[in-house]
2 protein chains.
Amino acid sequence: MEMQQAKEKFISTWGSLGTLWGINKAMAQIQALLFVSTKPLSTEEIMEELKISRGNTSMNVRQLIDWGIVSKELVPGERREYFSTEKDVQELARIIAQERSRREIQPVIKTLEEVSSIKDDGTAATKEFIKQTKALHDLAHTADSMLGKLVNQKQNWLTKSLFKFIK
Amino acid sequence: MEMQQAKEKFISTWGSLGTLWGINKAMAQIQALLFVSTKPLSTEEIMEELKISRGNTSMNVRQLIDWGIVSKELVPGERREYFSTEKDVQELARIIAQERSRREIQPVIKTLEEVSSIKDDGTAATKEFIKQTKALHDLAHTADSMLGKLVNQKQNWLTKSLFKFIK
DNA sequence: TTAAACTTTCAAAAATTATTGAAAGTTATT
DNA sequence: AATAACTTTCAATAATTTTTGAAAGTTTAA
């Protein structure tokens with residue numbers, strides 16, 4: 001495979017994987033592009049490479065910044081803004097896990113807590129509802145704490161935890 | 001909060017959470033409905049409760065069966081089919097993790113392996129590309145193996161691994 | 001202060017994804 | 001074999017999400 005072809009394949013695969021970590025295609029592709037770039041890129045260059053509009057580029061870059069995985073680079077003497085992404089995969093994974101937890105998992109845990117706390121009126125239906133939503137709440141809470149622990153270990157968290165697990 | 005209200009809130013929250021585990025709203029809602037039901041439900045009952053069409057119900061139930069989290073229950077002497085979902089949250093989580101890995105993560109790992117194996121032509125761009133995609137491949141591979149290990153522990157896998165980790 | 005170089009916003013359009021409902025298919029019963 | 005009771009399929013439609021592009025906004029420099 002040629003470099004150009006490999007690059008396109010990588011960007012497109014990473015883009016379609018966006019759903020896995022809850023972001024849209026363009027956002028994931030911009031991140032992918034920056035991730036394999038040797039230097040920060042301008043809006044113009046991103047538009048050009050990915051064949052997307054200025055508006056789309058602007059909005060998605062802003063979102064990536066909001067997620068904390070892309071930052072502005074100011075080149076002295078240059079007017080335009082350049083962007084680069086976190087290059088360390090472990091750090092990247094940490095940030096993504098942390099953000100997904102905060103944005104999606106935690107609100108759901110709150111809802112589960114709420115609905116599992118309704119008054120038990122003694123009917124089988126209510127008993128089942130409380131039992132099952134409580135179980136889900138416990139699981140979600142446990143999984144989220146685990147993620148939290150992992151995520152707070154800056155260095156080699158994944159490898160370390162895998163090692164501990166296998167042991 | 002009243003039972004009916006709590007149930008609706010639970011089903012709707014679980015439905016919107018569908019994206020988190022990569023399935024659509026109706027599919028997640030059907031699963032949620034079955035999850036808190038005291039008995040298996042027929043297509044008719046699902047349609048009624050969720051206000052969705054017969055076709056939609058049929059297709060999504062079939063997909064849930066395909067995922068391995070819903071099964072047909074045959075009631076003796078009855079013509080119609082009844083459906084129920086896996087009621088154990090840990091088992092449910094295991095199945096979901098396993099399926100997502102198989103359907104989405106593993107194909108991506110394969111692509112990462114492929115694109116990171118291109119010939120190094122000595123340019124900085126190619127070197128960076130290989131380095132970064134290799135790092136991503138390693139991370140994805142490690143994370144997926146970890147998931148695999150967890151997922152193969154039938155009993156209390158999450159709690160166990162959390163315990164080990166904290167230790 | 002004005003103009004140039006850039007970024008952001010957002011309503012409209014396009015693309016994608018989900019849903020419907022009726023027809024076709026299947027299975028069990030008489 | 002015919003009918004009834006169900007399930008599945010799929011083309012059409014609806015809903016949702018993404019993308020565009022041009023106008024508005026901002027910043028820097030002359």
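Residue numbers begin at 1 in each chain, while the letters A, B, ... track the order of the sequences. Because the structure is predicted, anything quoted here is derived from the model rather than measured.
- The two residues B/M1 and B/K9 make their nearest non-hydrogen contact at SD-CD, 4.3 Å.
- Scanning both residues, A/V89 and B/L139, for their nearest heavy atoms gives O-CD2, 3.9 Å.
- Atom CD of B/Q63 is separated from atom P of D/dT7 by 18 Å (rounded to the nearest Å).
- Atom C1' of nucleotide D/dT20 and atom CE of A/M47 are separated by 10 Å, given to the nearest angstrom.
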Task: Footprint string (nucleotides 17-30 of chain C, 5' to 3'): B base within contact, S backbone only, - free, heavy atoms under 4.0 Å - done: -SSBB-----BS--
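- Side-chain contacts under 4.5 Å among hydrophobic residues (ILVMFWY), followed directly or transitively, place B/V75 together with B/Y82.
- Here the C1' atom of nucleotide D/dA29 and the CZ atom of A/R80 are 16 Å apart, to the nearest Å.
- Residue B/E44 contributes atom CD, which lies 11 Å from atom C1' of D/dT7 at whole-angstrom precision.
- When every heavy atom of B/T126 is checked against every heavy atom of B/K119, the shortest pair comes out as CG2-O, 3.7 Å.
- For the residue pair A/Q106 and A/D144, the shortest heavy atom distance occurs at NE2-OD2, 3.4 Å.
- Contact check, B/T43 against D/dT7: a side-chain N or O comes under 4.0 Å of OP1 or OP2.
- Straight-line distance from the CD1 atom of A/I46 to the P atom of C/dC6: 15 Å, rounded to whole Å.
- Remark: C1' of D/dC6 and CG of B/L74 are 13 Å apart, rounded to the nearest angstrom.
- Side chains of A/W14 and A/Q29: a donor-acceptor N/O pair is absent below 3.5 angstrom, by distance only.
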